[in-house]
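Everything numeric in this text was worked out from a predicted model, so none of it was measured. Numbering of residues begins at 1 and proceeds along the displayed sequence. Every number for a ligand or one of its atoms is a count from 1 in the order of the listing. When reading the values below, keep in mind they use all heavy atoms of this one structure, side chains included, and skip hydrogens, waters and symmetry mates.
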Amino acid sequence: MKRLTILAMLVAIGGVSIAVKAATQSAASQPSAAAITVEKVKDNLFVLRGGGGNSAVFVTATGVTLVDTKNPGWGAPLLAKVKTLTDKPVTMVINTHAHYDHTSGNVDMPAGVDIVATEMTAKLMTQMNPVAGLGPQPNVFKDHPGKGMPKRTFKDKLTLGSGADRIDLYYFGPAHTGGDAFVAFPAHRVMHVGDTFPSKALPIMDKNNGGSGVEYANTIRKAVKGVPDIDTIINGHTPANTTPADMTEFADFVADFVAHVQAGKKAGKSAELVAKEWATPAKYTGFSAAPQIARVTAYVNVIFGETK
Ligand SMILES: [Zn+2]
């Protein structure tokens, strides 16, 4: 009963926040190649920002690999932007996770493109469940039956290509979702981490899509430790790249939030009160203030549910 009430509350809150989001998305974010910015990380590796999650473009000897394909309607502008960087065709897409702002452009990719994700992400893309704390997701896959779904999946690790073109894919456990992939380009010492470290702010702990609050920090620490020789991190939503040291600091920040929530639960406080009592600790410089209380409360409830 209590579970159902919380769920109904989350759905109601989510509906409001989606409506607010839609209302604030002005003409400036209409899909267009011009609205996508390009950062050159290496001669054949770029970050394309705008229109959803940050995409990586990796130009290999055999074709272009894209990591994440942005919001609904942004697949074609993304392809147009890639054309300004190389004549080679897009031959592979890797999705870091299932959320619509990282996968929706999949349906606009060329026929025969190889789409790769974790087993869990492939499963979640057939469901597109509402996001914990945010609400329903747009579902382009429903409107494009059979298009844009991953055909190649992996559980813990997968290596694609070799030499300078090698890409190493890893899964270290639940965090932002239950299918978060870490995408390493070892020749360049760069790793795309999707929304496991989306920005320096309280992250979405999407329990509805297999994510976890309690495991979150542990999972990203495993990624920092388990992928050797990385200097540069491409994040899901930051305006600039970060470093493994930033990611470790972010793990500490998430762990501090979880400790705050668990102490509140132990003291018998309500989720609302625990959320209200959370403020970004001063030592985390450059981190955003806490998001709106409804979202914090949603993640408090995720952690409450995971804490015996
Ligand atoms: Zn996400």
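- The atom of D195 nearest to the Zn ion (ligand 1) is OD2, with the search restricted to N, O or S atoms.
- What you find for A34 and K81 is that their closest heavy atoms are CA-NZ, 4.4 Å.
- Between F154 and Y171, a ring centre-to-centre spacing not shorter than 6.0 Å is recorded.
- Restricting H99 to its N/O/S atoms, the shortest distance to the Zn ion (ligand 1) is reached by ND1.
- Because the distance cut-off is set at 2.8 Å, D206 fails to qualify as a neighbour of the Zn ion (ligand 1), as none of its N, O or S atoms comes that close.
- In this structure, H102 has its ring center closer than 6.0 angstrom to the ring center of H237.
- Few gaps surround NZ on K222; more than 12 heavy atoms of other groups in view lie less than 6.0 Å from it.
- Looking at F172, F197, Y170 one by one, the single match for ring-ring contact (aromatic ring centres under 6.0 Å, His included) with F182 turns out to be F172.
- As for H97, its N/O/S atom nearest the Zn ion (ligand 1) is the one called NE2.
- At least one N/O/S atom of H176, from backbone or side chain, sits under 2.8 Å from the Zn ion (ligand 1).
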